Undergrad: 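Input: one structure, supplied below.
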Amino acid sequence: MSAGFEFVVVSNRLPVDQVVSESGGQSWARSPGGLVAALEPVMQEQDGAWVGWPGIAGTQLEPFDVDGMHLVPIPLSKSEVAEYYEGFSNDTLWPLYHDVIAAPSFHREWWETYRRVNHKFAEAVAEVASKTATVWVHDYQLQLVPKLLRDLRPDLTIGFFDHIPFPPYGLFSQLPWRVQIIEGLLGADVVGFQRDADSGNFAQAVRKLKGFPSKGGQIEVPIEDPNPGVRVFEPVRYLGQSRKVIARKFPISIDAGAYRELASRPDVQARARQIRGDLGNPKHIILGVDRLDYTKGIRHRLRAYGELLAEGKVDPEDTILVQVASPSRERVQSYVELRNEVELTVGRINGDYSAIGHQAISYHHHNYPREEMVALYLAADVLLVTALRDGMNLVAKEYVASRFDNDGVLVLSEFAGASDELKRALQVNPHDIDGLKQSILRALQMPRTERASRMRSMRRHVFENDVRRWSGDFIAELDQIRAERGNAIGD
Ligand code: GDG
């Protein structure tokens, strides 16, 4: 073990993208995600390292630094990417953890690769973490890492944050490797979730599969006898001691100040006006921004919108739906099918209701720079978030943070984690198409004073609970556990 780093973040992807210049030179640029914004100050203060896959299959890279962050790349072969990432993570766990909206595929070879890749990550972290370091593991691709790491390095304090929902036991129990996943997560000292419902589902799975009770967000995990000797075929023996695991919600947020700043920039505001003009200065702009994913409820949204047009309740002469569907997981079959279906529906609606010079739906299968996203948020009178299941949904919070003018209406699915916090959004059940249609109409007709009062209260919440607060709370919980352990060991 080297002297190592005191704070190590572990995620499937490193927070950088490879940039190839016109002359063919290659370099790395920080990717703009919220997680980097949240963790960068901690990384710099605490001598931190980030362990993850650099995003290119089959490349072996030495550790390197970008913007003061030390990055440790984990190489993944093409078949590892296909089986661990596209397969087990995105075609088994993702649908299973999102209410089986699409059918999960269970393949033993994928599981084996998932296990192997999780080992690889754990070994790399064990190598770079200093004695009694703090390690923060992220997301469903790495659920085995906490236990593997604890076995390798019992001196570490380990946190895990689950960005996506944790499913109810009736669904989770379908997973042939459910016990291994629960054991993997229980290797952490703190397991964080987006909502109370998620930590409740996790606690129930722990109770059912391991028999460990939980109380007030705390689970007592008995310490196993590490040396079973001749008793290998007998049930596990415990040493009569236990370890505390905190399992509770830490709802993630955004860098709200950065969105307010962007939205206040004159060039971004000019761009918002230009977007409105280019769309033909409609009376109402309705916006949807999502990764093109079946969890986001894009089909339900289109169904509701199509019916409103068909019934003449929305006039395509004065209202437009702008849908940004950013490309996602294009090698997974269910995503290919979703794209076909969404684009067929958009084409049909536009065929039926667009006229020369104005479209019913302006559809964009692109990635935009953040400035453009904020200009769209400023231009939009209504933002539609109709997720069928979503850990949090940052787009909802970004819209709120951008609306410094206290205008705009957020229509928000109750199945997105954000609905626990943004109570003054128009909350909808996206499966209830009639209810969704009514909420869209209500949003379009809402008086200015009501819009302002709702937006003001949501803004207060988002600014008081931004991403710095989120990472600060999580790390404070880890620090406390580390201090308690220090006391216990260092007496
Ligand atoms: C997972 C969970 C949880 C989208 N298109 C463009 C673009 N985006 C940005 C948005 C937002 C992010 O991507 C999407 O975040 P979401 O939270 O909406 O959804 P997931 O990608 O599914 O994220 C989710 C999240 O993790 C965090 O824990 O909230 O529930 O599923 O920031 O703005 N950004 C730019 N161009 C685009 O075209 N620049």
Side-chain angles (χ1 to χ4, degrees), residues 11-13 15 17 29-39 89-90 93-99 101 136-142 160-167 192-195 197-198 249-256 258-259 262-263 268 271 287-298 322-329 332 335 338 363-378 380 383-402 410 412-422 462 465-467 470-471 474:
S11 64
N12 170 59
R13 274 287 267 121
D17 294 313
R30 220 181 72 166
S31 50
L35 199 55
V36 202
L39 297 177
S89 297
N90 288 341
L93 294 173
W94 180 270
L96 185 69
Y97 282 32
H98 288 89
D99 288 357
I101 297 165
W136 191 358
V137 184
H138 287 266
D139 231 357
Y140 60 103
Q141 301 93 349
L142 301 175
F160 180 90
F161 184 74
D162 180 19
H163 289 254
I164 68 172
F166 196 88
F193 298 93
Q194 304 276 28
R195 321 176 77 161
D198 301 317
K249 71 169 172 183
F250 291 85
I252 199 168
S253 193
I254 57 163
D255 185 351
Y259 280 87
L262 272 177
V268 174
R271 176 64 190 145
L287 176 67
V289 173
D290 312 82
R291 269 190 312 101
L292 188 42
D293 194 298
Y294 48 78
T295 60
K296 304 290 182 183
I298 302 171
V322 177
Q323 177 66 52
V324 175
S326 38
S328 184
R329 306 181 188 170
V332 178
Y335 288 74
L338 172 73
Y363 172 81
H364 309 269
H365 184 249
H366 294 303
N367 261 309
Y368 288 110
R370 203 194 262 191
E371 285 79 357
E372 184 74 358
M373 304 289 289
V374 173
L376 280 164
Y377 291 148
L378 285 178
L383 181 82
L384 280 186
V385 176
T386 56
L388 306 176
R389 185 56 76 193
D390 211 337
M392 175 55 65
N393 196 287
L394 297 180
V395 169
K397 290 187 173 179
E398 289 164 6
Y399 181 62
V400 168
S402 302
L410 173 63
L412 177 60
S413 164
E414 63 193 66
F415 299 109
S419 69
D420 281 359
E421 297 175 78
L422 303 178
V462 170
N465 297 278
D466 73 350
V467 75
W470 169 75
S471 57
F474 196 94

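Counting starts at 1 for both ligands and their atoms, following the listed order. One is the number of the first residue; the rest follow in order along the sequence. Computed from a predicted model, the values in this text were never measured in an experiment. The figures that follow rest on heavy atoms only: side chains count, while hydrogens, waters and symmetry mates do not.
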Undergrad: I need the atoms of ligand 1 closer than 4.0 Å to a non-hydrogen atom of Val395, numbered in the order shown.
TA: 10 (C), 18 (O)
Undergrad: Quick one: CG on Leu388 to CD1 on Ile101, what's the gap to the nearest 0.5 Å?
TA: 4.5 Å
Undergrad: Could you tell me if the ring centre of Phe193 sits under 6.0 Å from that of Phe250?
TA: no
Undergrad: Is there a polar contact, in the sense of an N or O pair closer than 3.5 Å, between His163 and ligand 1?
TA: yes
Undergrad: Determine, stepwise, if the pair Asp390 / Lys296 fulfils salt bridge (Lys or Arg N to Asp or Glu O under 4.0 Å).
TA: CA-CA 7 Å; Asp390 211 337; Lys296 304 290 182 183; 3.1 Å; yes
Undergrad: Atoms of ligand 1 less than 4.0 Å from Lys296 heavy atoms?
TA: 18 (O), 19 (O), 20 (P), 22 (O)
Undergrad: Taking a cutoff of less than 4.0 Å between a non-hydrogen atom of the residue and any ligand atom, is His366 in contact with ligand 1?
TA: yes
Undergrad: Under 4.0 Å from any heavy atom of Gly391, which atoms of ligand 1 are there?
TA: 30 (O)
Undergrad: Could you establish whether Trp94 and ligand 1 come within less than 4.0 Å of each other, counting only heavy atoms on the residue side?
TA: yes
Undergrad: Please report whether the ring centroid of Tyr335 lies less than 6.0 Å from that of Tyr294.
TA: yes
Undergrad: Hey, is the main chain of Thr295 close enough, under 3.5 Å, to the side chain of Asp293 for a donor-acceptor pair?
TA: yes
Undergrad: When only distance counts, is Leu394 in polar contact with ligand 1, meaning an N/O pair under 3.5 Å?
TA: yes
Undergrad: Mind checking whether Met392 has an N or O less than 3.5 Å away from an N or O of ligand 1?
TA: yes
Undergrad: Atoms of ligand 1 less than 4.0 Å from Glu398 heavy atoms?
TA: 10 (C), 11 (C), 32 (O), 33 (O)
Undergrad: Decide whether Asp290 and Gln323 meet the rule of one side-chain donor and one side-chain acceptor closer than 3.5 Å.
TA: yes
Undergrad: Using a 4.0 Å cutoff against the non-hydrogen atoms of Arg291, which atoms of ligand 1 qualify?
TA: 20 (P), 21 (O), 22 (O)
Undergrad: Could you list the atoms of ligand 1 found under 4.0 angstrom from a heavy atom of Gln194?
TA: 3 (C), 28 (O)
Undergrad: Do the non-hydrogen side-chain atoms of His163 and Met392 ever get within less than 4.5 Å of each other?
TA: no
Undergrad: Can you sort out which atoms of ligand 1 are near Asp390, meaning under 4.0 Å from one of its heavy atoms?
TA: 24 (C), 30 (O), 31 (O)
